[in-house]
Amino acid sequence: MLLTRAQQVAQSDDDIAVALAEAQLAVGDSNLALQTLTDVVSRSPGRLDAQVLMGRAELLSDRTEPAQRRAKAVLDASPEQAGALYLMALLQLGHNDKASAIGSLERSLASDPTLVAARTQLAELLAERQDWPRIVE
C-alpha cells in the first residue's frame with residue numbers, strides 16, 4: 001500500500017520519485033527504477049542525482065553504454081559529483097580496469113566521504129593488492 005501511494009505521488013514529486021527509485025534499486029528492481037527515473041529525468045534533466053541513479057539502474061540492467069554516457073555527462077556538468085564518480089568506478093571495474101576504478105573511488109570519497117559502497121569497494125580493491133597502509137587511511 002505504501003509503495004502504491006509513493007508511486008502515485010512520485011508522478012508529480014521528483015524528490016519522492018528519486019527516493020522511490022533508490023528503494024526500487026535496493027530491492028533489485030532496476031527496470032521499475034528505470035521507469036521511475038525516466039519520468040524524473042524528462043521533467044528535470046539537470047537533476048544530477050536522478051541522472052546518476054538512472055545510470056546505476058542502466059548498469060544493473062546490463063545497459064553499459066547508456067550508463068557510461070550518462071556518467072560522463074554528469075561528470076562533464078559536475079566533475080566532482082561523488083555518485084557519478086562511483087558509477088564510473090563500477091563501469092571501470094566492469095572493464096577490469098582496477099587502477100582507474102581505484103582513482104575514481106578515491107575521488108568519489110574525496111567529494112563525499114560518507115559513501116559506504118564506494119569505501120567498501122575501494123577497501124576490497126586495495127586488499128586485493130595487499131595495500132594495507134592505504135586501507136587503514
Side-chain angles (χ1 to χ4, degrees):
M1 179 152 157
L2 182 61
L3 183 58
T4 303
R5 179 67 183 132
Q7 287 173 322
Q8 292 168 348
V9 175
Q11 293 175 6
S12 61
D13 187 316
D14 289 345
D15 292 333
I16 291 175
V18 169
L20 176 61
E22 286 176 337
Q24 291 163 336
L25 282 177
V27 297
D29 198 341
S30 58
N31 290 327
L32 190 54
L34 276 171
Q35 288 177 338
T36 302
L37 291 164
T38 298
D39 293 339
V40 174
V41 169
S42 67
R43 285 190 301 263
S44 305
R47 184 150 180 174
L48 298 182
D49 62 335
Q51 293 281 357
V52 169
L53 206 53
M54 191 163 183
R56 285 184 43 213
E58 289 167 334
L59 184 59
L60 290 171
S61 297
D62 292 325
R63 298 177 58 202
T64 305
E65 293 302 317
Q68 188 163 6
R69 284 192 304 270
R70 194 170 305 281
K72 286 180 180 179
V74 171
L75 289 172
D76 285 346
S78 179
E80 298 306 313
Q81 210 282 353
L85 289 164
Y86 176 65
L87 175 59
M88 187 58 74
L90 295 176
L91 289 159
Q92 291 161 336
L93 287 172
H95 289 104
N96 205 27
D97 184 357
K98 293 179 181 181
S100 295
I102 287 171
S104 294
L105 289 166
E106 289 173 335
R107 285 180 56 209
S108 175
L109 289 167
S111 291
D112 183 355
T114 66
L115 287 178
V116 174
R119 185 167 305 284
T120 302
Q121 188 67 59
L122 179 60
E124 288 174 8
L125 290 171
L126 293 175
E128 283 179 19
R129 293 179 172 209
Q130 297 183 357
D131 192 344
W132 308 121
R134 286 178 65 192
I135 291 174
V136 173
E137 289 175 9

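Numbering of residues begins at 1 and proceeds along the displayed sequence. Computed from a prediction, not measured in an experiment: that's the story for all the values here.
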If I compare all heavy atoms of [X] with all of [Y], which pair ends up nearest, and what's the gap?
X      : Y      : value
Leu37  : Ala50  : CD2-O, 4.0 Å
Leu109 : Leu115 : CD2-O, 3.5 Å
Leu122 : Glu106 : CD2-CG, 3.9 Å
Asp76  : Pro79  : O-CD, 4.5 Å
Ala21  : Ala33  : O-CB, 3.8 Å
Ala17  : Arg43  : CB-NH2, 4.4 Å

Exercise for the section: Find out whether Thr120 and Glu124 are in side-chain contact, i.e. whether some heavy atom of one side chain is under 4.5 Å from a heavy atom of the other. Expected result: yes

Problem - Heavy-atom check, side chain of Leu85 versus side chain of Leu105, under 4.5 Å - result: no

Spatial distance of atom [atom1] ([X]) from atom [atom2] ([Y]) [nearest 0.5 Å]:
X      : Y      : atom1 : atom2 : value
Glu58  : Gln68  : CD    : CD    : 11.5 Å
Asp112 : Arg107 : CG    : CZ    : 14.0 Å
Met54  : Ser30  : CE    : OG    : 11.5 Å
Asp14  : Ser44  : CG    : OG    : 4.0 Å

Exercise for the section: Only counting residues at least two apart or in another chain, list the ones meeting side-chain contact (heavy atoms from CB on, under 4.5 Å) with Ala71. Expected result: Leu87, Met88, Leu91

Practice task
Go through the structure and list residues passing side-chain contact (heavy atoms from CB on, under 4.5 Å) with Lys98, not counting sequence neighbours.
Solution key: Leu93, Asn96, Leu125, Glu128, Arg129

Problem - Electrostatic pair Asp15-Arg47, nearest N-O below 4.0 angstrom - result: yes

Is there a path of hydrophobic side-chain contacts, each under 4.5 Å between heavy atoms of I/L/V/M/F/W/Y residues, joining [Y] to [X]?
X     : Y     : value
Val18 : Leu34 : yes
Leu60 : Val41 : yes
Val52 : Tyr86 : no
Leu75 : Leu48 : no

Do side-chain atoms of [X] reach the backbone of [Y] as a donor and acceptor pair under 3.5 angstrom?
X      : Y     : value
Thr36  : Leu32 : yes
Arg56  : Gly83 : no
Ser111 : Glu80 : yes
Gln51  : Gly46 : no

